[in-house]
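Heads up, the thing below is written out as structure tokens.
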Amino acid sequence: MKTLKKIIAATLALCMLLCFAGCGEKDDNKLIMGTNATFPPYEFVDDNGEIAGIDAEIAQAIADKLDMELEINDMEFESLITACAGGSVDMVLAGMTVSDERKESVNFSESYATGVQVIIVKEDSEIATVDDLDGKTIGTQTGTTGDIYCTDDYGQDFVKQYASGALAVEALKNGQVDCVVIDNEPAKNFVKANEGLKILDTEYVTEDYAIAIAKDNDELLKKVNDALAELKADGTIDKIINKYIPAE
Ligand code: ARG
């Protein structure tokens with residue numbers, strides 16, 4: 001009986017030890033990406049409920065290079081910079097534009113893609129160019145550069161904010177806004193998925209996408225930049241982008 005107790009106690013102790021060791025190792029080795037998966041083709045929830053897209057695949061490729069385990073945290077777009085600066089996520093890949101304002105809170109990696117702010121309107125809209133936006137109601141995703149530019153350029157009263165680009169597009173279809181300002185690739189996706197919409201030929205603003213990393217995590221910034229450089233050089237980044245954005 002005594003021996004049995006000892007064996008059980010020893011087994012339990014061993015289990016706990018292994019568990020702690022295992023957990024500790026796992027955490028150190030985890031790379032947590034923050035994103036807002038409402039932004040196809042960069043990040044979206046696929047038919048299996050998984051977060052897919054260019055950013056998810058680039059993040060996975062980086063994690064593989066660093067021999068780390070990738071975990072993805074989906075959250076509101078406007079919470080991402082704070083989450084990153086506060087360390088609850090290690091890096092943000094969210095089609096995120098490099099901006100001076102954001103650089104006050106986080107660091108950015110080298111850029112891996114470019115985006116263009118474009119204007120979506122109904123096919124029969126009287127809005128034909130950027131110059132026609134004055135006095136119109138513009139739909140945006142809260143906290144995005146499109147949102148910030150439009151508020152600066154046309155005033156808060158003329159900008160309606162939505163939790164996602166898709167909701168802004170819904171509002172456009174319902175006539176609650178006259179246009180939506182959003183990045184070009186998601187715009188193409190939304191126009192394709194909804195009838196009666198078009199993207200204006202005039203571009204609004206061109207910008208660089210990069211990975212945000214906390215200011216006090218220079219070690220990770222360096223590792224990510226090194227990994228990115230390798231993935232660019234060996235064609236992996238191009239391959240991922242071409243998979244989701246077929247050449248026209
Ligand atoms: N490029 C824009 C920005 O940085 C929009 C990004 C929105 N991304 C997203 N995953 N919803 O503000």
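Remember, it's 1-based here, ligands and their atoms both numbered in the order they're listed. Count residues from 1 along the sequence.
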Q | Element-labelled atoms of ligand 1 that are located less than 4.0 Å from some non-hydrogen atom of E207 | A | 1 (N)
Q. Any chance NZ of K239 has more than 12 other-residue heavy atoms, nucleotides or ligands included, within less than 6.0 Å?
A. no
Q: State the atoms of ligand 1, each with its element, that fall below the 4.0 Å cut-off from a heavy-atom position in Y209.
A: 1 (N)
**Q.** Atom indices of ligand 1, in the order listed, that fall short of 4.0 Å to a heavy atom of R102
**A.** 3 (C), 4 (O), 12 (O)
Q: May I ask whether G95 places a heavy atom under 4.0 Å from ligand 1?
A: yes
Q: Report the nearest protein non-hydrogen atom to atom 8 (N) of ligand 1: residue, atom name, distance rounded to 0.1 Å.
A: A94 O, 2.8 Å
Q: Would you check whether T145 has a nitrogen or oxygen atom less than 3.5 angstrom from a nitrogen or oxygen atom of ligand 1?
A: yes
Q: State plainly whether the residues K232 and E110 are in salt-bridge range, i.e. N to O under 4.0 Å.
A: no
**Q.** Ligand-side contact atoms (ligand 1) for residue partner D183, heavy atom cut-off under 4.0 Å
**A.** 1 (N), 2 (C), 5 (C)
(Q) Within ligand 1, which atoms have a heavy atom of Q141 less than 4.0 Å away? (A) 7 (C), 11 (N)
Q: Run the numbers for me: atoms of ligand 1, each under 4.0 Å from some heavy atom of F77, listed by number.
A: 3 (C), 4 (O), 6 (C), 7 (C), 8 (N), 9 (C), 11 (N), 12 (O)
Q: May I ask you to decide whether E71 forms a salt bridge with K30, counting only side-chain N to carboxylate O separations under 4.0 Å?
A: yes
Q.
Tell me the closest heavy-atom pair linking Y204 and V181, and the distance in Å.
A. CD2-CG1, 3.8 Å
Q | Atom indices of ligand 1, in the order listed, that fall short of 4.0 Å to a heavy atom of T38 | A | 11 (N)
Q) Salt-bridged, E126 to K136, with N to O below 4.0 Å? A) yes
Q: Could you tell me whether D226 and K222 make a salt bridge, using a distance below 4.0 angstrom between a side-chain N and a carboxylate O?
A: yes
Q. Which class fits the ring pair Y244 and F44: parallel under 30°, tilted 30 to 60°, perpendicular over 60°?
A. perpendicular
Q.
I need the atoms of ligand 1 closer than 4.0 Å to a non-hydrogen atom of T144, numbered in the order shown.
A. 5 (C), 7 (C), 12 (O)
